[in-house]
Amino acid sequence: MHKGFWVTSDASTTDHAQLAALLFPHIDKTPADWLAHYPPRPLPPGAFVTRYAPSPTGFVHIGSIYASLVARRAAHQTGGVFFLRIEDTDKKREQDGSIEKIVANMINFGLQPDEGIVQVNPEIELGAYAPYTQSERVEIYETFAKDLVARGLAYPAFDTDAELDAMRRAQEAQNAKPGYYGEWARWRSASLEQVRAKLEAGERPAIRVRAPYPNAAHIQLEDEIRGFIDMPANDTDAVLLKSSNRLPTYHFAHVVDDTLMRVNLVTRGDEWLPSVPLHLQLFSYIGQPAPKFAHIAPIAKMDGTARRKLSKRKDPEADMTYYYQAGYPEQAVTEYLLNLANSSFQDWRRDNPRTPNHAFGFSIHKMGVAPPLFDLVKLNDISKNVIATFSAAEVYGLVQTWANKHDPRIAAVLAADPAYSEAVFNVERMTASPRKDIVNWSDVERAVGFFFDPLFADAVARDGYPMPEYPRQVITAILDHVAGFDPAQPKEIWLAEMRTFAEAHGFARDAKTYKQAPDQFHGHFGDMMMVVRVGLTARTNTPDLHEIMHTLGTERVRARIAQARAYMSSDAQMN
RNA sequence: GGUCCCAUCGUCUAGAGGCCCAGGACGAAGCCCUUUCAAGGCUUAAACGCGGGUUCGAAUCCCGCUGGGAUCACCA
């Protein structure tokens, strides 16, 4: 066969050892040394050691926060450890500032790792299993690779990109299975001399695992989320160490690092499921037990009729900056994610409205296997409820922080009178059933903007007054009456007094009376109150009127009335 | 194409042979309460992809089909 142009017999044991020495002359350690250097963790039985292992590509995906949340809860609920490991083995995709972004996001969302980089500027790395950055662990990977080569379980391959491309095309043409395996694997059985010649010519090989081929065996695993899975064992010679930069591929780094860092529960996206046979093979080759696996379904979105993974290219909500910009409280995003992970969270939250969510008994086994659809409406609902539990001072502080960064105009307006701002956020808040009208911080202007004169002026300039259509003198009479508002007057008295006024000015005292003889009235009491509402706020939906007036204060109430009257006489569109 | 995974209301899901003519939540509609807007309370519409088995009995077990997804890189 042409493809096996270097047909040599399998090298002997001594040849393997020589090959290893030839490839890794600078490595004098053995896997046992590293295993001893990173001993098993003194943890209670059943404690999970988990990690979040992102690549620093400059983008924090909501799926990453989701995965961290799951990993951290799984660890901490069992008295274990959760750490952060930076997987920077692809230098081409790396972007500056990524690590800062990752760490900042984890801290923001209460997902601080126990080990790894826990702080940046200045950088602080914690933990006894350091370094937690893969590019700083090359000696470790090379030690394990050398050992594999010495035992004939891995070998150098000098194929160029062009050769690999040609191979793939040939395989496609022949309808053969794609990949580097069996007889297609040209360097599988190269002689020591052939390797030496390439090395002397200055070429650098990739190190590939020598997988059994053909391989009829099957692997089994009990996934923590998916249960029992059976798959054909691996038979392709995957790259372990890349020729380009000598750094490990994900597969090898995962096996070596998770072994050495004593991870016993690997939580990761389910796109890794197909490479589990390779991983299991590698764990077995290095003679170490495989950890448990929990393959998480990705958060998805509808694209036409197909459901697909949330994409950083197409979906703004995939990027965490979306949530910061919109001003969702971290707690809301966390609880939404918790709800996706364990739908029983909603029942728990209903039964424990004020308990911090870390008290929720999260269960990795209860996670769904199908990709859930991202649902902004649900997030909004959760967010509204979360915000309703905050005090006025908390809301004010959070809005101010958000506005300083994302909306300077709102920030200035709120800062102009802090006491007033806080009073605004207190409207209908500390009651048995607090008002739930703020979805996120960017929604604050819509919800309560009318309280603030500059924002109110903008809204009027933009939308005018949505005043109901009654004779002008009726409206002005109502407004003039309201101008005499006394903040000291209790709500009930004020309402009774307004009702009397309504009856004296052509409005039915209640809806029932009005319905019985609609042609005898302008409208009913509620209709009249709408005039008051619009006159004061230029809005048709607002909180309780008495509270609004109380908060606005006499002066502002009078000014608003005057403004409404002026607008009416100047604007022909208002009756 | 190979391999693997998945399939209950529009959405998130509960459901591990009888408790299910399928339950909850969001969303939708309606009613009540109410000065209004919310909230809250009550009510309604809304689902087991299809076909075969197994069983006295299936959303639940088995097989097939269909549909979707993931993956098959010196990216992770």
Side-chain angles (χ1 to χ4, degrees), chain A residues 53-55 57 87-90 92-93 157 159-161 164-165 168 172 175-180 204-208 223 226 229-232 236 238-251 253-254 268-277 295 297-298 300 302 305-309 336 339-347 349-350 366 368-382 384-385 388 428 431-437 447 491 494-495 498-499 502 510-511 524-530 532-534 537 539-546 548:
Chain A
S55 290
T57 54
E87 309 228 325
D88 59 342
T89 58
D90 184 359
K92 289 185 291 271
R93 296 200 315 160
D159 307 88
T160 63
D161 287 349
L164 258 13
D165 278 350
R168 268 186 284 270
E172 209 171 311
N175 254 324
K177 188 169 79 94
Y180 204 85
R204 310 183 70 187
I207 303 298
R208 307 188 89 117
D223 188 273
R226 283 151 199 276
I229 296 173
D230 182 279
M231 280 187 259
T236 68
V239 169
L240 267 23
L241 255 30
K242 302 183 260 189
S243 66
S244 51
N245 56 191
R246 291 252 112 175
L247 255 21
T249 56
Y250 169 84
H251 310 293
H254 151 55
R268 59 178 16 169
D270 66 7
E271 69 272 19
W272 291 112
L273 213 39
S275 40
V276 166
H295 288 96
M302 251 5 227
T305 56
R307 128 182 342 218
R308 59 140 224 267
K309 201 170 151 179
Y336 174 65
N339 190 60
L340 280 189
N342 278 185
S343 66
S344 56
F345 176 77
Q346 67 175 15
D347 297 325
R349 180 42 92 206
R350 186 197 52 220
K366 284 190 191 158
V369 285
L373 246 30
F374 179 83
D375 186 357
L376 191 64
V377 176
K378 185 85 172 188
L379 202 216
N380 286 161
D381 177 67
I382 288 175
K384 269 192 260 187
N385 280 288
E428 288 188 50
T431 65
S433 60
R435 199 174 177 81
K436 301 180 177 176
D437 56 358
K491 181 176 166 183
W494 179 71
L495 280 177
M498 286 302 285
R499 204 180 291 273
D510 52 44
H524 58 82
F525 184 51
D527 294 328
M528 187 199 79
M529 292 303 268
M530 185 55 87
V532 178
R533 163 168 291 106
V534 174
T537 67
R539 295 267 309 261
T540 54
N541 68 321
T542 71
D544 179 80
L545 270 181
H546 186 269
I548 287 178

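Numbers restart at 1 for each chain; the letters A, B, ... are given by sequence-line order, proteins then strands.
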Practice item. Tell me which of A:V377 and A:P543 sits closer to the 5' end of RNA chain B, going by the nucleotide each one is nearest to. Key: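 Closest to the 5' end, via its nearest nucleotide, is A:V377.
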**Study point:** Upstream residue (5' side of RNA chain B) when A:M529 and A:L340 are each assigned their closest nucleotide
**Key:**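 Looking at the nearest nucleotide for each, A:L340 comes out on the 5' side.
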Measure [atom1]/[X] against [atom2]/[N] and give the value in whole Å, please.
| X | N | atom1 | atom2 | value |
| --- | --- | --- | --- | --- |
| A:R349 | B:rG24 | CZ | C1' | 17 Å |
| A:D375 | B:rU11 | CG | C1' | 5 Å |
| A:D347 | B:rG15 | CG | C1' | 13 Å |
| A:Q346 | B:rA14 | CD | P | 10 Å |
| A:R350 | B:rG23 | CZ | P | 15 Å |
| A:D381 | B:rC12 | CG | C1' | 12 Å |
| A:L373 | B:rG27 | CG | C1' | 14 Å |
| A:L379 | B:rC26 | CG | P | 15 Å |

Sub-4.5 Å side-chain heavy-atom contact between [X] and [Y]:
| X | Y | result |
| --- | --- | --- |
| A:M528 | A:M498 | yes |
| A:Y180 | A:V239 | no |
| A:W272 | A:H251 | yes |

Practice item. Output the single nucleotide from B:rA38, B:rA39, B:rC5 whose closest atom is nearest the side chain of A:I229. Key: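 Looking only at heavy atoms from C-beta outward on A:I229, the closest nucleotide is B:rC5.
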Check your understanding: Once each nucleotide of nucleotides 63-76 of chain B is scored for protein heavy atoms under 4.0 Å, what B/S/- sequence comes out, 5' to 3'?
Key -> ------SSSS-BBB
Remember a base hit wins even if backbone is also touched, and classify [X] as base, sugar-phosphate or nothing at under 4.0 Å, heavy atoms.
| X | value |
| --- | --- |
| A:K491 | base |
| A:P372 | sugar-phosphate |
| A:R226 | sugar-phosphate |

Point to revise | Residues A:K384, A:D381: salt bridge by 4.0 Å N-O rule | key: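 Between A:D381 and A:K384 there is no salt bridge, as every charged N stays at least 4.0 Å from the carboxylate O atoms.
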Pairwise [atom1] distance for [N] and [M], with rounding to whole Å:
| N | M | atom1 | value |
| --- | --- | --- | --- |
| B:rC4 | B:rA45 | C1' | 39 Å |
| B:rC65 | B:rU3 | P | 13 Å |
| B:rC74 | B:rG67 | C1' | 36 Å |
| B:rU43 | B:rG51 | C1' | 38 Å |
| B:rA16 | B:rA22 | C1' | 15 Å |
| B:rA59 | B:rG41 | C1' | 32 Å |
| B:rU60 | B:rC21 | P | 14 Å |
| B:rC9 | B:rA14 | P | 12 Å |

Practice item. Would you please confirm or rule out a distance under 4.0 Å between OP1 or OP2 of B:rG40 and any side-chain N or O of A:K436? Key: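 For B:rG40, OP1/OP2 do have a side-chain N/O of A:K436 under 4.0 Å.
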**Study point:** Pairs meeting criterion salt bridge (Lys or Arg N to Asp or Glu O under 4.0 Å) with involvement of residues 238-248 of chain A, two or more places apart
**Key:**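 Non-adjacent pairs meeting salt bridge (Lys or Arg N to Asp or Glu O under 4.0 Å): A:E142-A:R246.
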**Study point:** Heavy-atom neighbours of A:D161 CG exceed 12 at 6.0 Å
**Key:**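 Result for CG/A:D161: open.
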Exercise for review: Report, as yes or no, whether the 6.0 Å neighbourhood of atom NZ on A:K366 holds more than 12 heavy atoms from other residues, nucleotides or ligands.
Suggested key: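 It does not: A:K366 NZ has 12 such atoms or fewer within range.
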Using Watson-Crick or G-U wobble geometry with both distances under 3.5 Å, which nucleotide pairs with [N]?
| N | answer |
| --- | --- |
| B:rC4 | B:rG69 |
| B:rG17 | none |
| B:rA39 | none |
| B:rC50 | B:rG64 |
| B:rC26 | B:rG10 |

Point to revise | Identified side-chain hydrogen bond (donor to acceptor under 3.5 Å, both in side chains) partner of A:D270 from the options A:H295, A:R226, A:K309 | key: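 For A:D270, the side-chain hydrogen bond (donor to acceptor under 3.5 Å, both in side chains) check succeeds only for A:R226.
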**Study point:** Distance, nearest 0.5 Å, that separates CD1 of A:I382 from CD of A:Q346
**Key:**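 If I round to the nearest 0.5 Å, the distance is 8.0 Å.
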